[in-house]
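Presented below is the structure to which this report refers.
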Amino acid sequence: VNGFSFVKNSMKYYDDCAKILGNIVMRELAPQFHIPWSIPTEAEDIPIVPTTSGTMMELRCVIAVIRHGDRTPKQKMKMEVRNPMFFDLFEKYEGYKTGKLKLKKPKQLQEVLDIARQLLVELGQHNDCEIEEKKSKLEQLKTVLEMYGHFSGINRKVQITYLPHGQPKTSSEEEDSRKDGPSLLLVLKWGGELTPAGRVQAEELGRAFRCMYPGGQGDYAGFPGCGLLRLHSTYRHDLKIYASDEGRVQMTAAAFAKGLLALEGELTPILVQMVKSANMNGLLDSDSDSLSGCQHRVKARLHEIMQKDQDFTEEDFDRLAPTSSSSLVNSMKVVRNPVKTCDLVYALIQSLTSQIRKRLEDPKSADLQLYHSETLELMLQRWSKLERDFRMKSGRYDISKIPDIYDCVKYDVQHNSSLGLEDTLELFRLSRALADIIIPQEYGISKEEKLDIAYAYCLPLVKKIQLDMQRTHEDESVNKLHPLYSRGVMSPGRHVRTRLYFTSESHVHSLLSIFRYGGLLDEEKDQQWRRAMDYLSAVSELNYMTQI
């Protein structure tokens, strides 16, 4: 068995073992002692599955691209820092080579925390409004870095970027207060971890995924999906699991593997043994800095269309939904007037933050534990940041915040409904309608743009999938069962190859764009393809655990 530690507690493994041993013994002894025993026919050994066209065929290869499971809201905070201690840290980790730095290791985060603590002690003596703002940001830096009581590289990171002339100021009245000289922009990112619910989702999907494989019948009918486990335990299943280097994606992959292969125990050792981190040539993750010009232009156009204070006109439908995707058209009908809908969303967020503030004043709910050990204070920080950022000084709305708002409300409706906050469902409904327009369209509005952007994200992945398909034709030497031991396994040479790629929303969107608009098949001539395309155009959201 590949990886005995995973099966040593599994009854199923011992049953299999006993059965194989029993058969070996009987095959030798039955003829000698004239024991009436018929050699079991291993009919289910050839992996035959029904296909969509109705014929039975042999399964050779399963390729899936899967989005990670339910996660906590992603959060980030930016602050400009000028203290020499930060510059020393930047130099220590060779930040000047590239002008930017990513700190994820516990030791590095500890150093940032030490600087923050020291500065807070020094600032403690002064009182002045500019320092107050800095203080609150340092406090938050300290709070976030102290969360969980220990560092693990999966859930927090600090990025530092060198700004030779300080941060460009937004408005003219701040010109005079601006300090010259270089500064560092410190960005702290946290949250976005897989939740316990997300873990369960991934494991269940893994279990259900076994049904893709043949052999759920026969002796094993009592144990669903045994065909796959049997393929796996006789070395005839060539499985590779890839995940991007985000913690939530890796944990999803590990939980899925646990469900798929009926493994026991903790996720960490499964992760180490089973999941390949595929941060090779941007296969499953892309640096968001490399957003193509095309994507920026698309976002600008989205902003402009969504800033009109009037009902969507025919022309807007043409501009925003040139692909006339049905889910998009429906969402636009729900929204009707984008600015009015944003006004409503903003008012609902205001009502939400004031409700949370009221709760905080109530001594009964002071130490209330929210989902995933969040506190009311942290929840308030999350929402008040969105409240500040969503409506800009000019009174217009920052459309790029809508996915974040939807993200937060989706999370709270699902996990913190026990708080009984009012109107969260209405906020959910409206922000979802807006998000269903904005999220897919950020990946391109016209077909050409969708393909351009998808190409930038997905080229390595598509090439890799193509390679997986080709390699299926020429069976190269994989770990096969030694021919001596494979008697009684009728098709030892046959392999099912499984390749699972776990990744984030951007890759799932892009890959679907390539399938939809890449001209793989002709919708006019191919009924089945047309049905598939109609189905895709009706899907409004590629939620957690979406699988292709």
Side-chain angles (χ1 to χ4, degrees), residues 67-75 191-198 200-201 306 311-312 326-362 364-365 368-391 397-441 505 538-546:
R67 189 181 169 200
H68 59 77
D70 177 62
R71 57 163 166 76
T72 60
K74 288 201 280 195
Q75 305 187 69
E193 308 157 61
L194 194 64
T195 60
V200 173
Q201 286 169 358
M306 300 298 282
D311 287 5
F312 283 128
S326 54
S327 60
L328 191 59
V329 173
N330 289 341
S331 296
M332 286 178 71
K333 285 178 185 153
V334 174
V335 170
R336 294 216 1 240
N337 174 330
V339 175
K340 287 250 177 342
T341 306
C342 285
D343 285 337
L344 274 170
V345 166
Y346 186 65
L348 286 166
I349 295 178
Q350 284 178 309
S351 122
L352 186 63
T353 50
S354 72
Q355 287 179 67
I356 302 174
R357 283 198 184 90
K358 276 206 194 71
R359 283 295 162 86
L360 272 169
E361 286 155 19
D362 175 9
K364 281 206 291 293
S365 59
L368 220 143
Q369 272 285 306
L370 303 183
Y371 187 71
H372 210 279
S373 70
E374 195 179 30
T375 57
L376 270 171
E377 257 114 6
L378 280 167
M379 183 180 182
L380 181 61
Q381 275 179 3
R382 232 176 347 115
W383 280 107
S384 40
K385 183 170 177 359
L386 285 171
E387 184 183 2
R388 281 198 309 276
D389 297 347
F390 183 41
R391 193 172 189 158
Y397 289 104
D398 178 357
I399 300 298
S400 64
K401 288 287 170 270
I402 283 181
D404 303 357
I405 294 171
Y406 175 51
D407 199 50
C408 275
V409 73
K410 178 161 71 174
Y411 179 81
D412 286 329
V413 164
Q414 205 178 334
H415 297 300
N416 290 321
S417 54
S418 58
L419 288 174
L421 299 167
E422 289 163 29
D423 297 332
T424 44
L425 281 169
E426 182 58 8
L427 177 56
F428 175 76
R429 190 183 68 84
L430 291 172
S431 60
R432 175 159 87 178
L434 287 167
D436 286 348
I437 297 174
I438 285 159
I439 294 174
Q441 299 310 76
E505 193 176 23
V539 172
S540 57
E541 171 184 9
L542 301 174
N543 211 328
Y544 302 129
M545 300 307 303
T546 296

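What you see below is based on every heavy atom in this structure, not just the backbone, and it leaves out hydrogens, waters and symmetry mates. Numbers for residues simply follow the sequence, beginning at 1.
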> Can you check whether Ile437's main-chain N or O pairs, donor with acceptor, with Ser331's side chain at less than 3.5 Å?
Replying inline: no

> More than 12 heavy atoms of other residues, nucleotides or ligands under 6.0 Å from CZ of Arg382: is that the case?
Replying inline: yes

> Do the side chain of Ser327 and the main chain of Val539 share a donor and acceptor less than 3.5 angstrom apart?
Replying inline: yes

> When you check the side-chain N and O atoms of Glu374 and Tyr411, is any donor under 3.5 Å from an acceptor?
Replying inline: no

> Is Lys410 positioned over the aromatic face of Tyr544, cation under 6.0 angstrom from the ring centre and no more than 45 degrees off axis?
Replying inline: yes

> At what distance, to the nearest 0.5 angstrom, does CG of Asp343 lie from CG of Leu430?
Replying inline: 11.5 Å

> How far does CD of Glu541 sit from CG of Asp436, to the nearest 0.5 angstrom?
Replying inline: 6.0 Å

>> Could you measure the distance from the CE atom of Met306 to the OG1 atom of Thr341? Nearest 0.5 Å is fine.
In response: 7.5 Å

>> Looking at Thr424 and Val413, would you say the former's side chain and the latter's main chain have a donor-acceptor pair under 3.5 Å?
In response: no

> Do Ser351 and Gln355 have a side chain donor and acceptor closer than 3.5 Å?
Replying inline: yes

>> Main chain of Tyr406, side chain of Arg432: is a donor-acceptor contact present, judged purely on distance under 3.5 Å?
In response: no

> Do side-chain atoms of Gln201 reach the backbone of Asp70 as a donor and acceptor pair under 3.5 angstrom?
Replying inline: yes

>> Checking the side chain of Asp423 only, and the main-chain atoms of Glu426 only, is there a donor and an acceptor separated by less than 3.5 Å?
In response: no

>> How long is the straight-line distance from CG of Leu376 back to CG of Leu360, given to the nearest 0.5 Å?
In response: 5.0 Å

> Do any N or O atoms from the side chain of Thr375 and from the backbone of Leu378 form a donor-acceptor pair under 3.5 angstrom?
Replying inline: yes

